[in-house]
Amino acid sequence: MLPRKRKRIGKFVVWLLVAVMVFGFTGCSQGDDGDVKTPTQGVQPTKPGDSKAQGDDVGQEAGITQGANQDADTTPEPTEPEKEVRTDFYISAIDEEIPSMYEYWKDYFSIGIAITRGELLNDFKGELIIQQFNSMTCGNEMKPDALLDREATKSAGTETCPVLKFDSCDEMLQFCMDNNIKMRGHTLVWHSQTPDWFFMEGYSNKQDAVFASREVMLLRMENYIRLVMEYVNTTYPGVVYAWDVVNEAIAPGDGGEDGMRMSDSFWYQTIGSDFVEKAFEYARKYADPEQKLFYNDFNTYESAKRIAILKLVNKIKEQGNIDGIGMQSHIGMSSPTLLDYEETIRKFGETGLEIQITELDINLDTNTEEDFIKEGTRYKRLFFTFKNLVDTGAANITNVTVWGLTDEGSWLNKDGKRYPLLFNQVLETKPAFWGVLMDDGIPLY
Ligand code: 9MR
């Protein structure tokens, strides 16, 4: 692993020197405005041979001042060296040096990856993650159904305090600690991926089980949050920087108060409409002071949902128990419009809370070259929007996380083959990757 890395770094330095000599650095610089953040320029690897050829031309074109008595009419106009525009997007992340997304965006927000344990422990994927991301989310391994231990809970014999196990996520937290990657804790209170028995008297999993009382459920919730936070924060201090305290509690039209999800939420049905406030109250009580507490949801750009989320988070903000809103952002190629999407970020930004794009992917269901470029454009425009919103102070976007490393591993494949992410199955970069890096080869429109 290491020798390969050193070799790549050697190649990288050569490219870097050639690029600096020939083209200078280009990128998202805002010129001389000292207050404006500028993403660290991603190095755009070029084939050393091609660059050399272009460099020679540049040298000839630049030689325009020879001879003071040169005829003015025939003096060639100074021309900018033509910039090489990327046409080969499929670079093997295993064999070639590619720019780092988190380095590129480090003055703006962290760049995160949602990953499963199995993928993370693959050497190539692990190395790529270290190179590209400085934030991680466990795809499934920190959800209640992964942490709750029913047998141990039943044996412990208390109605109010579950017993947890952390073997699902231990290695992932350790990986983050070893490689200086920060973790988004996902997720504490969610109607989905929380076993039914957790809501029942006696932790029963029988058909005729009955709900535990509100009082019991409040204690179970508080103890669950406390136990997760205590374990993670003492075993892996400093690793988790943000918690998705409550996930997907809003579903306008589902019958709950103030647009809350009710029909499939046992949290709502056992505790009542204040379960979200209570979850944030407990989370604040047990979180480390520097950890940020988030409300996280999907389709946040739908207007009824956006309004309900704003009402909810503003109430919790008044109580001092929330720091941010997570916009999952599982989006399509044309829906939502970027106008609606941006409008939502602006509205959320007005709350003064942090915004994190927590689960970004683009549901592309075709795999033509043309569509891959269009997908790259959509990624580029999204990041262009994020950058603009941060630059203008409209929203404090602190993280952008993509929901999966390769198309192959995406959750979206459950509905048929999808191509929503930045790398293909053989760990080559897709146009989408270069879009995130604002590469000139990807059209912005
Ligand atoms: O990526 C997760 C997938 O592997 C699981 O099968 C699925 C089950 O609910 O959850 C996926 O992650 C979800 C995330 O935790 C919350 N937002 C929606 C994500 C995609 O379903």
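Counting convention: from 1, in listed order, for ligands and their atoms alike.
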_Enumerated ligand 1 atoms positioned under 4.0 Å from heavy atoms of N247_ = 16 (C)
*Which residue and non-hydrogen atom of the protein lie closest to atom 1 (O) of ligand 1, and at what distance in Å?*
W403 NE1, 2.9 Å
*With atoms numbered from 1 as shown, which atoms in ligand 1 lie under 4.0 angstrom from a non-hydrogen atom of K143?*
2 (C), 10 (O), 11 (C), 12 (O), 13 (C), 14 (C), 15 (O)
*Contact check: W190 vs ligand 1, nitrogen or oxygen atoms, below 3.5 angstrom*: no
*State the atoms of ligand 1, each with its element, that fall below the 4.0 Å cut-off from a heavy-atom position in E248.*
16 (C), 17 (N), 18 (C)
_Which residues pass the ring-ring contact (aromatic ring centres under 6.0 Å, His included) test with F383, not counting sequence neighbours?_
W105, F386
_Whether E343 and K347 form a salt bridge (side-chain N of Lys/Arg under 4.0 Å from carboxylate O of Asp/Glu) is what I want to check._
yes
*Shortest protein heavy-atom distance from atom 19 (C) of ligand 1, along with the residue and atom involved*: E359 OE1, 3.3 Å
*asked:* Just so I know, are the side chains of L427 and L128 near enough to count as touching, which here means a heavy-atom distance under 4.5 Å?
replied: yes
*asked:* Quick check on the 6.0 Å ring-centre criterion: do H330 and W411 meet it?
replied: yes
_4.0 Å heavy-atom contact, K414 with ligand 1_ = no
_For Y419, give me all partners under ring-ring contact (aromatic ring centres under 6.0 Å, His included), at least two apart in sequence or on another chain._
F372
*Name the orientation class of the two ring planes belonging to F280 and Y295 (parallel below 30°, tilted from 30 to 60°, perpendicular beyond 60°).*
tilted
*Return the residue, atom name and 0.1 Å-rounded distance of the protein heavy atom closest to atom 4 (O) of ligand 1.*
N140 ND2, 2.9 Å
*Determine whether the aromatic ring centres of W267 and F199 lie less than 6.0 Å apart.*
yes
*Can you see which heavy atom on N247 is nearest to which on H191, and at what distance?*
O-ND1, 4.4 Å
*Short list, please: which atoms of ligand 1 are under 4.0 Å from a heavy atom of H330?*
18 (C), 19 (C)
*asked:* Looking only at protein heavy atoms, which one is nearest to atom 7 (C) of ligand 1, and what is the separation?
replied: Q193 OE1, 3.7 Å
*asked:* Check this for me - ligand 1, W411, N or O atoms closer than 3.5 angstrom, yes or no?
replied: no
